[in-house]
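Structure first, commentary second.
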Amino acid sequence: MPAVVLVGAQWGDEGKGKATDLLGDRVDYVVKFNGGNNAGHTVVIGDEKYALHLLPSGILSSGVTPVIANGVVVDIDVLFEELDALDARGVDTSRLLVSSGAHVIASYHRTVDKVTERFLGKRRIGTTGRGIGPAYADKINRVGIRVADLFDPKILREKVEGALDQKNHLLVKVYNRRAVEVDEVVDELLAHAERLQPMVADTGLALNRALDAGDTVLFEGGQATMLDVDHGTYPFVTSSNATAGGAVTGSGVGPTRIDSIIGVIKAYTTRVGEGPFPTELFDANGEYLLKTGGEYGVTTGRARRCGWYDAVIARYSARVNGLTDLVVTKLDVLTGLEKVPVCVAYDVDGTRYDEMPDDQSAFHHATPIYEEFPGWWEDISGCRTIEELPANARSYLEALEELSGCRISAVGVGPRRDEIIPIHDLVHPRA
Ligand code: GDP
Ligand code: IMO
Ligand code: MG
């Protein structure tokens with residue numbers, strides 16, 4: 001019955017994969033509604049480690065129907081590679097549904113992603129190079145290829161011609177690259193059609209019917225609030241709506257059906273790629289978070305930029321997503337610090353900001369105003385209740401809760417599936 005949305009509350013890599021996995025045996029459907037294989041989720045089950053990109057993390061729970069909904073951009077080669085790798089490890093992927101309305105990432109999207117980044121030079125976004133932005137740009141420009149187009153060769157050819165018409169001028173005349181052949185792209189896409197067809201469905205209809213039938217549906221966001229194309233640190237964002245609203249437009253399930261919205265947030269902050277990051281650390285503390293937190297990207301292997309917890313961002317995320325619950329992850333990484341600073345507001349050229357500045361320049365100039373909390377030294381990875389945590393760790397969590405204005409419903413104390421402190425039930429019908 002409940003429809004639960006789970007989103008990242010910072011700049012990604014908060015541990016959404018682990019949080020989704022945690023809910024795995026409680027849900028019937030797990031839906032990816034935005035982004036594509038720019039995402040990287042690590043899920044640790046026992047001694048097994050899984051890295052997922054395009055597939056929703058819920059695919060690891062037996063009995064769950066994973067769904068790639070209309071809001072996703074699908075690189076079909078990557079889809080099959082991921083399915084094959086999971087099949088080889090004995091994970092049942094046979095239930096996967098792929099929306100006929102999802103857009104396809106073709107080879108020219110990857111090419112355009114890489115050449116535009118190169119041409120942007122100092123102004124580059126630091127994308128994952130997976131063709132995400134160009135695929136979404138084609139969608140908005142109404143020259144995208146959708147999954148359903150793969151099953152009508154005549155239409156597919158017309159659409160590929162339309163997509164390449166301007167792009168080839170750009171590639172040849174501006175970027176000095178060779179033109180992309182229509183035939184090459186059509187053949188590449190058609191080669192996937194037969195294997196893909198049995199997975200393709202009207203996923204919006206399937207999900208609404210599932211909710212009517214009383215099933216529980218979890219919408220798993222890729223990326224995060226601060227990478228959202230509307231609400232993030234534009235232009236240093238991804239090209240989709242990673243906030244809770246994206247779950248609605250990206251799936252065909254109406255907003256009145258959503259019961260709760262979980263924001264996953266690290267006990268500190270990380271960011272991959274370019275763009276402003278007020279609490280970023282360039283000292284030994286930053287190095288400590290990088291090393292202790294194992295902060296290296298799952299998709300590109302890049303070292304993540306690390307900084308202290310930013311409560312202005314947490315409050316902003318709670319607001320733009322309408323969060324009902326927070327899942328705080330990686331509290332264990334902070335163990336062993338004498339003091340744990342939290343950014344409670346920004347100073348922008350002498351003016352205090354308690355809320356996110358609404359213009360880009362102000363955010364670029366924001367310097368954090370910190371409040372310091374006393375640290376703890378005890379190993380907390382074995383704690384399974386809040387009461388077992390050291391008093392200072394509890395006070396830290398209480399401060400995060402108060403500053404964000406959203407209740408904390410679970411706390412991660414290690415990467416493994418069982419290394420979590422449950423506080424409130426995360427699957428609950430609307431109050
Ligand atoms: P996602 O993209 O939001 O799914 O997050 P990633 O998987 O990219 O990054 C989160 C990383 O933190 C993964 O390596 C997880 O295994 C790990 N992780 C998640 N929760 C915890 C936690 O509570 N403690 C620790 N130490 N690691 C965690
Ligand atoms: P998960 O789901 C962290 C970042 C890239 C870049 C910007 C745009 O694992 O949290 P794109 O390739 O999407 O056009 O890149 O967004 N980015 C992520 N950062 N976690 C992610 O996903 C990300 N997906 C994209 O580094 O700055
Ligand atoms: Mg990630």
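Hydrogens, waters and symmetry mates are skipped; everything else that's a heavy atom, side chains included, is used. The model shown is predicted, which means the values in this text are computed figures rather than measured ones. Whatever order the structure lists them in is the order used to number ligands and atoms, beginning at 1.
Between the side chains of H103 and D138, no donor-acceptor pair is found at a separation under 3.5 Å. For the residue pair T225 and H231, no side-chain donor N or O sits within less than 3.5 Å of a side-chain acceptor on the partner. D347 and H365 are not linked by any side-chain donor-acceptor pair at a separation below 3.5 angstrom, with hydrogens and angles left out of the test. Under the 3.5 Å distance criterion, with hydrogens and angles disregarded, a donor-acceptor pair is assigned to the side chains of K266 and T270. For the 3.5 Å distance criterion, the side chains of R302 and T300 qualify, holding a donor opposite an acceptor. Side chain to side chain, E398 and S395 fail the donor-acceptor criterion of an N or O pair below 3.5 Å. For the residue pair R146/N70, the side-chain donor-acceptor check at 3.5 Å is not satisfied. In summary, the side chains of D113 and T127 do present a donor paired with an acceptor at a separation below 3.5 Å, with no hydrogens or angles considered. There is a side-chain donor-acceptor pair under 3.5 Å between T243 and D228. Judged by distance alone, the side chains of D325 and S409 do bring a donor and an acceptor atom under 3.5 Å apart. A side-chain N or O of T238 and one of N38 form a donor-acceptor pair less than 3.5 Å apart.
Counting atoms of ligand 1 from 1 in the listed order, those under 4.0 Å from a heavy atom of G412 are 23 (O). For ligand 1, the atoms closer than 4.0 angstrom to any heavy atom of K330 are 11 (C), 12 (O), 21 (C), 22 (C), 23 (O), 24 (N), 25 (C), 27 (N), 28 (C). Heavy-atom proximity to W11, at under 4.0 Å, picks out these atoms of ligand 2: 3 (C), 19 (N). Which parts of ligand 1 touch V298 is read off a 4.0 Å heavy-atom cut-off, strictly below it: atoms 8 (O). Applying the 4.0 Å criterion to heavy atoms of K16 picks out, from ligand 2, the atoms 1 (P), 2 (O), 10 (O). Shown in contact with H41 at under 4.0 Å from a heavy atom are these atoms of ligand 1, numbered in order with element: 1 (P), 2 (O), 4 (O), 7 (O). Interface of G222 with ligand 2, defined as ligand atoms under 4.0 Å from a residue heavy atom, comprises 2 (O). Taking every heavy atom of R304 and a limit of under 4.0 angstrom, the matching atoms of ligand 1 come to 8 (O), 9 (O). Of all atoms in ligand 2, numbered sequentially from 1 with element shown, those under 4.0 Å from a heavy atom of R302 are 5 (C), 26 (O).
Both tests hold for R89 against Y50: distance to the six-membered ring centre under 6.0 Å, angle to the ring axis within 45°. Within the cation-pi definition used here (under 6.0 Å to the ring centroid, within 45° of the axis), R304 does not qualify as a partner of Y296.
Looking at E14 against ligand 2, nothing comes within 4.0 Å, counting heavy atoms. Counting heavy atoms under 4.0 Å from ligand 1, residue K16 touches it through both backbone and side chain. The backbone and the side chain of T42 each have at least one atom closer than 4.0 Å to an atom of ligand 1 (non-hydrogen atoms only). Counting heavy atoms closer than 4.0 Å to ligand 1, residue D332 contributes side-chain atoms (C-beta onward) but none from N, CA, C or O. Looking at Q10 against ligand 1, nothing comes within 4.0 Å, counting heavy atoms.
Residue contacts with ligand 2: R130 is excluded, as none of its non-hydrogen atoms falls under 4.0 Å. Residue-ligand proximity: A224 is placed with every non-hydrogen atom at 4.0 Å or more from ligand 2. Within the structure, ligand 2 lacks R271 among the residues with a heavy atom less than 4.0 angstrom away. Within the structure, the closest approach of G414 to ligand 1 falls below 4.0 Å when heavy atoms are considered. Assignment of A39 to the shell around ligand 1 is not supported, since no heavy atom sits closer than 4.0 Å. Ligand 1 does not have R416 within reach: every non-hydrogen atom of the residue lies 4.0 Å or more from it.
For atom 19 (N) of ligand 2, the nearest non-hydrogen atom from the set T127, L227, I125, D113 belongs to L227. The residue among A135, A39, G297, G126 with a heavy atom at the shortest distance from atom 6 (C) of ligand 2 is G126. Nearest-residue assignment for atom 11 (P) of ligand 2 (options T233, T238, V237; heavy-atom criterion): T238. Counting heavy atoms only, P415 comes closest to atom 18 (N) of ligand 1 of the residues A19, G297, P415.
Checked for salt-bridge contact, R178 and E184 meet the test: a charged N lies under 4.0 Å from a carboxylate O.
Residue T269 holds its OG1 atom at 10.5 Å from CH2 of W308, rounded to the nearest 0.5 Å.
The shortest N/O to N/O separation between G40 and ligand 1 falls below 3.5 Å. Ligand 1 has no nitrogen or oxygen under 3.5 angstrom from a nitrogen or oxygen of L331. Inclusion of G17 in the set of residues having an N or O under 3.5 Å from an N or O of ligand 1 is warranted. For a threshold of 3.5 Å applied to N or O pairs, the pair formed by T329 and ligand 1 contains no separation below that value. Note: no N/O pair closer than 3.5 Å links E419 and ligand 1 by distance alone.
Note on ring orientation: taking the six-membered ring where Trp is involved, the planes of F373 and Y396 are perpendicular (angle over 60°, cut-offs 30° and 60°). Note on ring orientation: taking the six-membered ring where Trp is involved, the planes of W11 and F363 are tilted (angle from 30° to 60°). Taking the six-membered ring where the residue is Trp, Y175 and F119 present perpendicular rings, their angle passing 60° and hence far from 30°.
Applying the side chain to side chain donor-acceptor pair (under 3.5 Å) test between S57 and each of E220, K18, K32 identifies E220 as the sole match. A side chain to side chain donor-acceptor pair (under 3.5 Å) with D310 is found for exactly one of Y346, Y268, Y316, namely Y346.
The protein atom (non-hydrogen) at minimum distance from atom 2 (O) of ligand 2 is Q223 N, 2.9 Å. Taking atom 20 (N) of ligand 1 as the reference point, the nearest protein heavy-atom neighbour is K18 CD, 3.4 Å. Protein heavy atom closest to atom 12 (O) of ligand 2, with residue, atom name and distance, is T128 OG1, 2.6 Å. In terms of protein heavy atoms, atom 20 (N) of ligand 2 is closest to D13 OD1, 3.2 Å. Counting protein heavy atoms only, atom 10 (C) of ligand 1 is closest to D13 O, 3.6 Å.
Between the O atom of G40 and the OD1 atom of D13, the angle centred on the Mg ion (ligand 3) amounts to 160° when rounded to 10°.
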